[in-house]
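Below you'll find the structure, written out as structure tokens, and then a few comments.
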2 protein chains.
Amino acid sequence: MARKQAADLMLRLDNQICFAIYSTAHAFNRVYKPLLDRLGLTYPQYLVMLVLWERDDVPVKDIGERLFLDSGTLTPLLKRLEAADLIKRTRSTEDERQVLIALTSQGQALREKARSVPQSILAASACSIGELSAMKNEIVALRDRLNAVLGE
Amino acid sequence: MARKQAADLMLRLDNQICFAIYSTAHAFNRVYKPLLDRLGLTYPQYLVMLVLWERDDVPVKDIGERLFLDSGTLTPLLKRLEAADLIKRTRSTEDERQVLIALTSQGQALREKARSVPQSILAASACSIGELSAMKNEIVALRDRLNAVLGE
DNA sequence: GATTATTATATTGCATGCAATTCAATTGCG
DNA sequence: CGCAATTGAATTGCATGCAATATAATAATC
């Protein structure tokens with residue numbers, strides 16, 4: 001009977017860390033929205049740009065591994081970024097299966113406008129960098145354990 | 001110059017807690033997938049069922065406030081749950097603007113099958129209940145601060 | 001009590017995510 | 001070398017999320 005009650009408790013929405021994560025992801029998205037609107041980006045597009053601002057001329061696969069996204073998500077997203085003149089998609093000559101993603105000059109330039117975004121997010125989170133960093137590390141560790149289970 | 005470098009560091013993908021949250025949400029979703037497939041539910045549908053298992057016969061609005069979702073998301077989702085015979089949607093007689101959501105007997109019964117889900121998730125997270133609960137509280141506090149900014 | 005404002009839900013359009021499939025290119029292996 | 005297996009993208013279909021709008025019902029205000 002005690003075991004049954006424990007199972008009931010665990011089914012409560014507010015006791016589930018997955019819902020905490022889920023709802024916080026959406027809250028972040030809503031905070032980002034007005035900031036990214038000014039850049040003409042959606043949040044997933046912003047993530048792709050973050051990857052490219054770190055390193056350019058990478059195959060779609062690499063971006064996908066970095067962001068945990070597959071081609072079904074990335075292909076149309078990248079086409080929209082290309083239509084916005086932020087990136088260029090080129091079939092690799094080395095390996096014609098790969099499509100290399102490079103920033104255009106506009107894509108490079110957008111980085112300057114994006115520099116203030118993290119500050120705004122930090123302010124909205126009303127949290128010190130140290131606290132956020134500690135939380136981030138815990139969450140990433142959790143994510144990696146979940147992904148490890150999936151790889152089995 | 002130091003300030004510029006700090007802004008650059010903050011633009012790094014791996015330094016952003018939002019990406020930690022975002023990618024962990026997707027990792028959770030992938031871990032849940034096979035478990036929820038057995039129940040015939042998607043993850044957002046599972047969240048709605050969690051709400052309803054706690055309290056029945058509630059208007060769409062209440063579910064939305066609980067899950068931070070609007071009618072644009074909930075209406076079609078609820079129609080799919082109704083098509084699956086898990087819930088019933090009824091226009092309230094008290095206030096005809098409202099649609100009340102009630103569980104069917106099958107919706108009630110599904111709770112028994114769902115009881116084992118949280119245990120499986122706990123196992124996949126490879127974490128103690130205490131640690132998870134502490135993380136959850138921190139994340140919820142962050143979410144609430146973000147939502148507070150949005151309300152301004 | 002009539003008019004206006006607000007509220008609850010529904011609808012439309014767009015951008016993810018992801019499973020499943022397809023297709024072309026490359027790798028492996030005998 | 002020749003062929004099967006694998007790989008990287010693209011495509012299709014379905015289910016979110018959310019902004020913007022529509023609509024009907026209730027509340028508020030004069």
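Chain letters run A, B, ... following the sequence lines, proteins first, then strands; residues in each count from 1.
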Worksheet item: Is the number of heavy atoms from other residues, nucleotides or ligands within 6.0 Å of CZ (A:Arg89) greater than 12?
Response: yes

Discussion item. If you assign each of A:Gln98 and A:Lys79 to its closest nucleotide in DNA chain D, which residue comes earlier from the 5' end?
Written reply: A:Gln98

Practice prompt. For the pair A:Glu112 and A:Arg115, find out whether any cationic side-chain nitrogen is under 4.0 Å from an anionic carboxylate oxygen.
Written response: yes

Worksheet item: Hey, does A:Leu74 reach any base, or is it just sugar-phosphate, or nothing, if we go heavy atoms under 4.0 Å?
Response: nothing

Item to complete: With the side chain counted from C-beta on, respond yes when B:Arg66 and A:Asp14 share a heavy-atom pair under 4.5 Å apart, and no when they do not.
Response: yes

Worksheet item: Starting at the 5' end of DNA chain C, which residue's closest nucleotide do you reach first, A:Glu96 or A:Tyr43?
Response: A:Tyr43

Practice prompt. Using atom CZ of B:Arg91 as one end and atom C1' of D:dT26 as the other, report the distance to the nearest whole Å.
Written response: 13 Å

Worksheet item: 5' to 3' on DNA chain C, which nucleotides open and close the contacts with chain A (atom under 4.0 Å from a heavy atom)?
Response: C:dA15 to C:dT26

Practice prompt. Rounding to 10 degrees, work out the angle separating the end axes of the helix from C:dG1-D:dC30 to C:dG30-D:dC1 (five pairs an end).
Written response: 20°

Worksheet item: To the nearest Å, how far apart are A:Leu78 CG and D:dA10 P?
Response: 8 Å

Discussion item. Tell me if the centroids of the rings in A:Tyr43 and A:Phe28 come within less than 6.0 Å of each other.
Written reply: no

Fill in: Sugar-phosphate, base or nothing in reach of A:Pro76, heavy atoms under 4.0 Å
nothing

Worksheet item: What distance separates B:Lys33 NZ from A:Leu150 CG, expressed to the nearest 0.5 Å?
Response: 12.0 Å

Worksheet item: Considering heavy-atom distances to DNA chain D, does B:Thr42 or B:Glu94 have its closest nucleotide positioned more toward the 5' end?
Response: B:Thr42

Item to complete: For the residue pair A:Leu67 and B:Leu13, establish whether any side-chain heavy-atom pair is separated by less than 4.5 Å.
Response: yes

Worksheet entry | Separation of B:Asp85 CG from B:Lys88 NZ (nearest 0.5 Å) | 9.5 Å

Worksheet item: Any idea how A:Tyr46 and A:Trp53 line up, ring-wise: parallel (<30°), tilted (30 to 60°), or perpendicular (>60°)?
Response: perpendicular

Practice prompt. Give a yes or no on whether the backbone of B:Ser116 and the side-chain of B:Gln119 come within a donor-acceptor separation of less than 3.5 Å.
Written response: no

Worksheet entry | Spacing of A:Tyr32 atom OH relative to D:dA19 atom P, expressed in whole Å | 17 Å

Worksheet item: To the nearest angstrom, how far is A:Asp62 atom CG from D:dA9 atom C1'?
Response: 13 Å

Worksheet item: Roughly, in whole Å, what's the span from CG in B:Asp70 to C1' in D:dA22?
Response: 15 Å

Worksheet item: Is the distance from OP1 or OP2 of D:dA9 to the nearest side-chain N or O of A:Ser71 less than 4.0 Å?
Response: no

